[in-house]
Amino acid sequence: MVSGVAALLLGAVLLVLQLQPVPSRPAAPEAGAGAAAEPGPQELQRKAASLQDEAPAGAAANGSAQQLPQTIIIGVRKGGTRALLEMLSLHPDVAAAENEVHFFDWEEHYSQGLGWYLGQMPFSYPHQLTVEKTPAYFTSPKVPARVHEMNPAIRLLLILRDPSERVLSDYTQVFYNHVQKRKPYPSIEEFLVRDGRLNVDYKALNRSLYHVHMQNWLRFFPLCHVHIVDGDRLIRDPFPEMQKVERFLKLSPQINASNFYFNKTKGFYCLRDGGRDRCLHESKGRAHPQVDPKLLSKLHEYFHEPNKKFFELVGRTFDWH
């Protein structure tokens, strides 16, 4: 009887030893196996939604978390993007990224994925709107498709100024950057004129061809997803423009006329928020270089047709030269 039981036990042991172990999780791919395919648009959208819901690295005990932006100020450079962001930040339901992120236009950032992008966002509550601004997005050809992959329903803010004035502001910023570094910089005439004609290869001119860049954005987003802020009017009288922005973003009307006051010393409007006054950095509102009236007239003439094309594209006009 005992020997029979022993035989049975020995047989069971041998049977177990012959069985192949079943792994508790999928085995890792062998070295040399094909790399994972690039995620498509739908997968990126799901990843964005997942990051917004979970935000494992960016959740706080008070219920706030980092969220992907629901609104982006896409440009234009020297159009008034900083002023727009500061004014929008007056609204209690807005959480704004402090710095220009350059996620969609810089490969070294974009290659790090949406997780990296999420990490650049401010902490916000579920009822708040997260906003980031990078003025270079508007003129970068690859950005619209990338933004659309992240969120095709995103709302975009675009602030524009008179194209000629924007060119002068563009030059002025670079000029002062060189002055601060004690480096020489050519006069604006040297950039604007080549062989007696307007230099159409000057990058600052190309940035002011609004219709060219707008066409690229409208390939991916309907016009109703883009609100164009009149940068010239925002400088002269900010409150009405900000009311339009609130309505576009479906925010409750919280920004009011008392939030703005004209600073005679600086020559532009500053902000008043909860008894605290603040103005834009001294680099804003710098005087433009003196330009020969004939050259300025050529500049206005150059933008005449492109401006008409832009007006037709967006279905509204602006008081530009």
Side-chain angles (χ1 to χ4, degrees), residues 38-49 51-52 67-82 84-85 88 96-97 99-118 120-121 129-161 163 166 170 203-231 244-245 248-250 303 306-316 318:
E38 286 292 322
Q42 291 183 347
E43 187 175 344
L44 282 172
Q45 290 168 23
R46 286 196 297 270
K47 185 185 290 186
L51 286 167
Q52 283 178 306
Q67 302 181 67
L68 290 172
Q70 299 94 343
T71 297
I72 300 178
I73 299 175
I74 59 173
V76 63
R77 168 176 160 138
K78 305 312 298 177
T81 56
R82 173 52 61 180
L84 176 59
L85 186 68
L88 188 55
N99 300 313
E100 294 176 7
V101 181
H102 286 283
F103 175 65
F104 297 102
D105 62 324
W106 287 3
E107 294 303 322
E108 60 266 36
H109 289 171
Y110 190 70
S111 63
Q112 296 185 62
L114 286 172
W116 180 90
Y117 187 44
L118 179 68
Q120 312 309 306
M121 295 300 116
L129 195 71
T130 298
V131 181
E132 81 113 326
K133 74 106 175 169
T134 301
Y137 287 165
F138 180 58
T139 56
S140 180
K142 57 198 168 187
V143 168
R146 291 176 170 184
V147 174
H148 186 269
E149 285 178 355
M150 180 189 74
N151 182 3
I154 199 165
R155 290 183 173 268
L156 306 169
L157 290 172
L158 172 63
I159 180 166
L160 299 176
R161 297 174 60 194
R166 200 217 62 79
D170 202 319
K203 287 183 179 180
L205 282 184
N206 293 322
R207 292 188 190 106
S208 284
L209 294 175
Y210 300 150
H211 75 288
V212 173
H213 309 299
M214 192 67 180
Q215 283 174 331
N216 194 27
W217 282 91
L218 293 180
R219 287 174 53 216
F220 296 92
F221 295 95
L223 187 58
C224 62
H225 280 212
V226 185
H227 177 69
I228 303 171
V229 180
D230 189 326
K244 296 173 187 175
V245 171
F248 171 72
L249 297 178
K250 299 180 180 178
F303 285 118
N307 288 349
K308 282 178 61 178
K309 291 179 181 179
F310 180 74
F311 298 161
E312 292 170 3
L313 193 62
V314 300
R316 59 182 283 199
F318 295 81

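The structure displayed is predicted, hence computed values, not measured ones.
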Participant: Do the side chains of L223 and L218 get nearer than 4.5 Å, heavy atoms only?
Facilitator: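 Of all side-chain heavy-atom pairs linking L223 with L218, at least one is under 4.5 Å.
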Participant: Is Q215 close to L313 at the side-chain level, that is, under 4.5 Å between some pair of heavy atoms?
Facilitator: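 Side-chain contact under 4.5 Å: yes.
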Participant: Which distance, rounded to the nearest 0.5 Å, do you find between the NE2 of H102 and the CD of E108?
Facilitator: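 Between H102 NE2 and E108 CD, I get 10.0 Å after rounding to 0.5 Å.
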Participant: Do F318 and R161 come within less than 4.5 Å of each other through their side chains, counting heavy atoms only?
Facilitator: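 Sidechains of R161 and F318: no contact.
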Participant: Do T130 and E132 pair up side chain to side chain, a donor and an acceptor below 3.5 Å, judged on atom types alone?
Facilitator: no
Participant: Please assess L88 against K133 for the test side chain to side chain contact (heavy atoms under 4.5 Å, CB included), listing each intermediate value before the final yes or no.
Facilitator: CA-CA 11 Å; L88 188 55; K133 74 106 175 169; over 6 Å; no
Participant: Answer yes or no: is there a donor N or O on one side and an acceptor on the other, between the side chain of S208 and the main chain of P163, under 3.5 Å?
Facilitator: yes
Participant: Can you confirm whether H213 sits close enough to V76 that some side-chain heavy atom of one is under 4.5 Å from a side-chain heavy atom of the other?
Facilitator: no
Participant: A side-chain contact here means heavy atoms from C-beta on lying under 4.5 Å apart; do L205 and L209 qualify?
Facilitator: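 Of all side-chain heavy-atom pairs linking L209 with L205, none is under 4.5 Å.
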Participant: What's the spacing between H227 NE2 and T71 OG1 if we round to 0.5 Å?
Facilitator: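 Going from the NE2 atom of H227 to the OG1 atom of T71 covers 11.5 Å.
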Participant: Please find the pair of heavy atoms, one from P144 and one from N216, that lie closest to each other, and give the distance.
Facilitator: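 Shortest heavy-atom separation between P144 and N216 comes out as CG-ND2, 3.6 Å.
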Participant: Kindly indicate whether the side chain of P69, heavy atoms from C-beta on, has any atom under 4.5 Å from the side chain of V131.
Facilitator: no
Participant: Report yes if some heavy atom in the side chain of V229 is under 4.5 Å from a heavy atom in the side chain of I73; otherwise report no.
Facilitator: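 No, too far: nothing below the 4.5 Å cut-off.
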Participant: Can you check whether F138's main-chain N or O pairs, donor with acceptor, with W217's side chain at less than 3.5 Å?
Facilitator: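 Looks like yes, one N/O pair under 3.5 Å.
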Participant: Return yes if some donor-acceptor pair links the side-chain N/O of R166 with the main-chain N/O of L160 below 3.5 Å, else return no.
Facilitator: no
Participant: Any chance you could lay out the side chain to side chain contact (heavy atoms under 4.5 Å, CB included) test for Y210 and V314, step after step, and finish with the verdict?
Facilitator: CA-CA 11 Å; Y210 300 150; V314 300; over 6 Å; no
Participant: Before giving the answer on side chain to side chain contact (heavy atoms under 4.5 Å, CB included), spell out for L156 and Y137 the whole-Å C-alpha distance, their side-chain angles and the decisive distance to 0.1 Å.
Facilitator: CA-CA 11 Å; L156 306 169; Y137 287 165; over 6 Å; no
Participant: Please tell me whether H211 and F310 form a close aromatic pair, meaning their ring centres lie under 6.0 Å apart.
Facilitator: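 No, they do not, as the ring centres are separated by 6.0 Å or more.
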Participant: Which heavy atom of G80 sits nearest to which heavy atom of I159, and what is that distance?
Facilitator: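 Nearest heavy atoms, G80 then I159: O-CD1, 3.6 Å.
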Participant: Only one of R77, K78, K203 passes side-chain hydrogen bond (donor to acceptor under 3.5 Å, both in side chains) with D170; say which it is.
Facilitator: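 One option only clears the test, and that one is R77.
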Participant: Could you state the interatomic distance from CD1 (I74) to CG (L158), rounded to the nearest 0.5 Å?
Facilitator: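 Reported to 0.5 Å precision, the distance equals 5.0 Å.
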Participant: Quick one: side-chain hydrogen bond (donor to acceptor under 3.5 Å, both in side chains) partners of E107, sequence neighbours excluded?
Facilitator: K142, R146
Participant: Any heavy-atom pair between the side chains of I72 and L157 that's under 4.5 Å?
Facilitator: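 Result no, sub-4.5 Å side-chain heavy-atom pair not found.
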Participant: Checking the side chain of R316 only, and the main-chain atoms of I228 only, is there a donor and an acceptor separated by less than 3.5 Å?
Facilitator: yes
Participant: Determine yes or no for a side-chain-to-main-chain donor-acceptor pair under 3.5 angstrom, with T134 supplying the side chain and V101 the backbone.
Facilitator: yes
Participant: I'd like to know if the side chain of H225 and the backbone of R155 have a donor-acceptor N/O pair within less than 3.5 Å.
Facilitator: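 The answer is no, because no donor-acceptor pair under 3.5 Å joins these two groups.
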Participant: Does any N or O in the side chain of Y117 come within less than 3.5 Å of the main-chain N or O of Q112, such that one atom is a donor and the other an acceptor?
Facilitator: no
Participant: Rounded to the nearest 0.5 Å, how far apart are CH2 of W106 and OG of S140?
Facilitator: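 Separation between the atoms: 11.5 Å.
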Participant: Let me see the working for H148 and F221 under side chain to side chain contact (heavy atoms under 4.5 Å, CB included), right down to the final yes or no.
Facilitator: CA-CA 8 Å; H148 186 269; F221 295 95; 3.7 Å; yes
